[in-house]
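Residue numbers start from 1 in every chain, and the chains themselves are labelled A, B, ... in the order their sequence lines are given, proteins ahead of strands. Model, not experiment: these values are computed from the prediction. Scope of the values below: all heavy atoms of this structure, side chains included, with no hydrogens, waters or symmetry mates.
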There are 2 protein chains.
Amino acid sequence: MTVDPVPIARYAALLAHPTRTAICLALIDGRAWTSGELARHVGVAPSTASEHLTSLVSAGVLSEVRQGRHRYVRLAPEAGQLIENLASTAGVVMSAPTSLRSGRVATDLLFARTCYDHIAGRLGVALLDALVAHGLLLLSVGASLTSDGEVWLKSVAPGTDLSVGRRPVVRPCLDWTERRPHLGGLAGSLLRTAFVDRGWVLQRPRERGLTVSSAGEHGLAELLDIDVQSLRAGAVSTL
Amino acid sequence: MTVDPVPIARYAALLAHPTRTAICLALIDGRAWTSGELARHVGVAPSTASEHLTSLVSAGVLSEVRQGRHRYVRLAPEAGQLIENLASTAGVVMSAPTSLRSGRVATDLLFARTCYDHIAGRLGVALLDALVAHGLLLLSVGASLTSDGEVWLKSVAPGTDLSVGRRPVVRPCLDWTERRPHLGGLAGSLLRTAFVDRGWVLQRPRERGLTVSSAGEHGLAELLDIDVQSLRAGAVSTL
DNA sequence: ACGACGATTCGGTGCTCACCGAACTATGGC
DNA sequence: GCCATAGTTCGGTGAGCACCGAATCGTCGT
């Protein structure tokens, strides 16, 4: 007995069930998905998806990060490679756009999407960077608005009372496609609402993806020097 | 739904069971094994092994050739690659000698082994080539001994009656490690017996592998100009 | 023709596991 | 404090399948 077949078989078994395979295929775009999203995507009960994720994570096929009540999972790079290898050996044509970090839906989401009630993706990261660049936000341990920032926010989102509630005004929320924080907390929520109200940011029901109108492009450029065009083209903010 | 997970899962499932994995690992040495050998090797009933082989073959993981009452299977090259990939991803160290066409046992068998009751492997192929080179054997459609060959055979294996029985005197038997015919049939059997009797070829019970003594090296060189040393080193006859 | 042997087919058995729903925990925002 | 939402745990159910032994088939060599 030269090589023990058991661990190999055990690993293969993880990819040997349509549901888990579908989960991995969804994750091959390189993004982090939540447990619930995956459950809906592959059409099983949340409990079932959760069980699958647990086994995939404990075997190292997926890596997980828990944030609040969400469980984000990502495909481990080696596992992604193996799956593409497996698919091609199995004679399945994986269309190019399905590969890592591409595909229409995927790129849309990479550009801008909702995270809880605020904006994530490259746009969300750019937003936070712009606030810092303009001296409106201070990023050290945690984050906080400067006094300029408070004034600015009230002008952008009129009728805001920052003293109410226990929700932190700003919260750096780790962005799982950019691996950098974007703007969360109350300020993030207010900004999203303000942008949607102005018709700058468009949000379709039951979808995570956000789009920016041409009015939004102008507005964001004027307000915070954000170049939406280049963000959309894939540029990341360089702060 | 961009990619159908089902065929991928189905393929992975083939490698997802310890028994089938063990079969594939055995086959990774690049040689063709019979169904029964694999059954014994992995420790299951012949019927079980047969079933596994059927599914592996029909999925293209293995290729099969039936010869007489034997079913030879080989690992498809892409499948071998995938398995090595899978093993390394699963964190299993596949020691170098386990890889394609190497390892001690494997190379021994590549050099010389029994096939039915005659000699296969590089030595078997060299034997057939030498007979042809010396004008003792005619290889066209099928094969037949020349009259010189008959005389020679009787001198090497005294007491031989070639007219008895329905067994073909010579039969080119496809060698599944060399992909070229070696000497089968009655002549092959007689030569093996003669060589074993003379102590040229050594055969341990319950093993397929054959070894050649130093007496055998001299004898084969003198009798048929066969260079056992270089065969053992991996050279193949070039006829 | 016959016996030996390798391989296959077929029933039956038992284990594993994917799945769901229901109950529960934890988090977020009011 | 409250409710809503995301996720998890757990028991039970059902399907799939790896396995074996017995019977059968085909080939080989006498």
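The interatomic distance linking B/Leu53 (CG) with C/dA7 (C1') rounds to 10 Å, in whole Å. Between A/His17 atom NE2 and D/dG16 atom P the separation is 10 Å, expressed in whole Å. If you measure from atom CZ of A/Arg40 to atom P of C/dC20, you get 14 Å, rounded to the nearest angstrom. Going from atom CG of A/Leu186 over to atom P of C/dG29 covers 9 Å, rounded to whole Å. Between A/Arg192 atom CZ and C/dG29 atom P there is a gap of 12 Å when expressed in whole angstrom units. At whole-Å resolution of the value, CG in A/Leu56 and P in C/dC17 are 14 Å apart. Taking atom NE2 of residue A/His52 and atom C1' of nucleotide C/dT16, one finds them 14 Å apart after rounding to whole Å. If you take NE2 of B/His118 and P of D/dC28, they are 11 Å apart, rounded to a whole angstrom.
One finds no side-chain N or O of B/His70 lying less than 4.0 angstrom from the OP1 or OP2 phosphate oxygen of C/dC5. Phosphate contact (OP1/OP2 of C/dT8, side-chain N/O of B/Ser35, threshold under 4.0 Å): present. For C/dA7, the OP1/OP2 oxygens have no side-chain nitrogen or oxygen of B/Arg66 closer than 4.0 Å. B/Arg71 has no side-chain polar atom (N or O) that falls below the 4.0 Å cut-off from OP1 or OP2 of C/dG6.
Counting non-hydrogen atoms under 4.0 angstrom, A/Thr19 reaches the backbone sugars and phosphates but no base. Counting any heavy atom pair closer than 4.0 Å across all strands shown, B/Thr48 reaches a base atom.
Here the shortest heavy-atom pairing between B/Tyr11 and B/Ala59 reads CE1-O, 4.0 Å. Residues B/Ala49 and B/Ser35 share a closest heavy-atom pair of CB-O, 4.1 Å. Shown here for B/Ile28 and B/Gly80, the closest heavy-atom pair between the two residues is CD1-O, 4.1 Å. The two residues B/Ala194 and B/Val156 make their nearest non-hydrogen contact at CB-O, 4.0 Å.
The base of D/dC17 has none of its N or O atoms less than 3.5 Å from a complementary donor or acceptor on the side chain of B/Glu51. Below the 3.5 angstrom threshold, one finds a donor paired with an acceptor across the side chain of A/Ser47 and the base of C/dG21.
The side chain of B/Arg69 lies closest to D/dC28, out of C/dT8, C/dC20, D/dC28. The side chain of A/Pro46 has D/dT8 as its nearest neighbour among C/dC19, C/dC20, D/dT8.
Side-chain N/O atoms of A/His118 and A/Arg192 include no donor and acceptor closer than 3.5 Å.
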